[in-house]
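One structure below.
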Amino acid sequence: MIVTRFAPSPTGYLHIGGLRTALYSYLWAKKNEGKFLLRIEDTDLKRNSLEAAKAIEEAFKWVGLKQDGEIFYQSKRMDIYKEHIQKLLDEGKAYYCYMSKDELDALREEQMKAKQRPRYDGRYRDFTGTPPSDIEPVVRIKTPINETITFSDGIKGEISVKTDEVMDDFIIARSDGTPTYNFVVTIDDHYMGITDIIRGDDHLSNTPKQIIVYKAFGWDLPKFYHVPMILNPQGKKLSKRDGAMDVMEYKKEGYLPEVLLNFLVRLGWSHGDQEIFTMEEMLEFFDPKDINKSASAYNAQKLLWLNAEFIKNMSYERFEKELIYFDLDLKSIEKKEILIDALRQRVKTLKEFSQKAKTILERPTSYETKAVKKFLKADAKKIAKEFLNYLINYDSNLNTPSDYDKLIVSFLEQYQLKLKDIAQIIRIAIVGSAVSPSIYDIMSIVGKDELEIRIKNLIQFMEEKNE
RNA sequence: GGCCCCUUCGUCUAGCGGUUAGGACACCGGCCUCUCACGCCGGUAACACGAGUUCGAGUCUCGUAGGGGUCACCA
């Protein structure tokens, strides 16, 4: 069985890079009927916060990725780590190092000056004398000398490094006794039964260290997949400057969670020419072997396009449900289906939908200057009055857009006008600007009574303007 | 700097020794049209560079250049 995990450290929100590796892990596990686990890496008490952990969980909930079983918290597993540190100590695979921080810093500085790679010199590796009494020691693991660590990465291929070149006897327990990252990760991954580790390739250089821990305990290695990072649109490393990195920010901007996932899954992975995937299709087609080796810059416009595509095909019920978050309650709106169909072709986000819907649903409080200048010419007032009059006396039924179409046709016929002569006047009367969906749709949505009021208001506005 | 990784249109990518190098976003035309969109049709645009291997290289090998990651008592 395949077991994967996502293991964020709770230092802030869940960002899109993290979501992508989480998604990959999720897909790979689920497609193989395996398990996807979530582990919060909160060993560094100073930098972690409970809110951050909650924020991550909230984001997971929004996108709909559900972990199997309970969430693991490293802070609750300290006993396990300590036990294993002791075990290595007892077996002589790790040792106490009494070098003080100052001494270490001094050594590092010296090495840098000599243009050498800073590295612990192993002075306590085989120490047998009496240790200094005023130093709280750290625990270091014995990394094999002059050995080549080779592993096969599912994305990058075979990777091998020489221990002497990249590693020293790294610390597995700080002087206060708390365990360090590369150690706890290994312990947890082993006991959680993780078979496939999919993570960002910034962890590539940690992998040999973790392999040393696996070997010290004699454990089998999992499969590793190191996925390249996501770059900003300029092709540089993603930073807070680049705007929305927090997954929840996408909710606020009106993106659908399945769109974000779809967008992310295609960033660095592909299945032929397919752009749009349902969750079922992702599960069917995803395979980490198809993940690209190089980093990819994200393209905000493509995300927008994708969101628009999904919105075009969304159900009425879903609109009603999602738009509540954007302060738009469609329940009481009689012509909501016409509203939705009129707007879904014109918006790219739910937020935009809400804004545009409100310009129709709410009476304009002002009229856009440019539109007024361009379309409300000398005879506009006259035409508007004629239309208002015609509307008031119109005795056929007015309900659907096509009813309004008939109204307009007969009106134009009677006054010998063209559609162009009246369309923008009606539009400005209803929404206050020269841009909106079809006038037949918006007339139907606001209804006859409201239409009369809005036309009257516009006429009044034109009269005041002329004075 | 050491070590490791990467390199096809502006961007995401297809390609897996023989292709007019394909698709998508964006961009530019055109059609549709009551505005704005949608939609439809068409177009511009790429194998980082240099050597090999081969009858033949975007595809294999080696260099070069460029980009990135990492070198903590952070994760």
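Naming convention: chains lettered A, B, ... in sequence-line order (proteins, then strands); numbering from 1 in each chain. Heavy-atom basis, side chains included; hydrogens, waters and symmetry copies ignored.
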What contact category does [X] fall into here, base, sugar-phosphate, or nothing, at under 4.0 angstrom with non-hydrogen atoms?
{"X": "A:R108", "value": "sugar-phosphate"}
{"X": "A:N292", "value": "sugar-phosphate"}
{"X": "A:A297", "value": "sugar-phosphate"}
{"X": "A:S433", "value": "nothing"}

Base of [N] paired with side chain of [X] (donor-acceptor, under 3.5 Å):
{"X": "A:R346", "N": "B:C38", "answer": "no"}
{"X": "A:S438", "N": "B:C34", "answer": "yes"}
{"X": "A:S436", "N": "B:C36", "answer": "no"}

**OP:** Would you indicate which nucleotide in B:C12, B:C6, B:C34 comes nearest to any side-chain atom of A:L267?
**Re:**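 Shortest atom-to-atom distance from the side chain points to B:C12.
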Original post:
Run the side-chain hydrogen bond (donor to acceptor under 3.5 Å, both in side chains) check on A:R427 and A:Q424 step by step: do they pass?
Top reply: CA-CA 5 Å; A:R427 187 161 357 249; A:Q424 290 301 65; 2.7 Å; yes
Below 3.5 Å is the cut-off: list the nitrogen or oxygen pairs between protein and nucleotides 44-50 of chain B, distance only.
none

At a cut-off of 3.5 Å, list every protein nitrogen or oxygen paired with a nitrogen or oxygen from nucleotides 22-32 of chain B, distance to 0.1 Å.
unit_1, atom_1, unit_2, atom_2, d
B:G22, N2, A:D273, OD1, 2.7
B:G23, N2, A:E275, OE2, 3.1
B:A24, O4', A:E275, OE2, 3.4
B:A24, N3, A:K302, NZ, 3.3
B:C25, OP1, A:W305, NE1, 3.4
B:C25, O2', A:K302, N, 3.3

Can you name the atoms? Protein N/O to nucleotides 57-66 of chain B N/O, anything below 3.5 Å, with the distance.
none

Original post:
Please give, in whole Å, the distance from B:A37 C1' to A:R427 CZ?
Top reply: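 Rounded to the whole Å, the gap is 11 Å.
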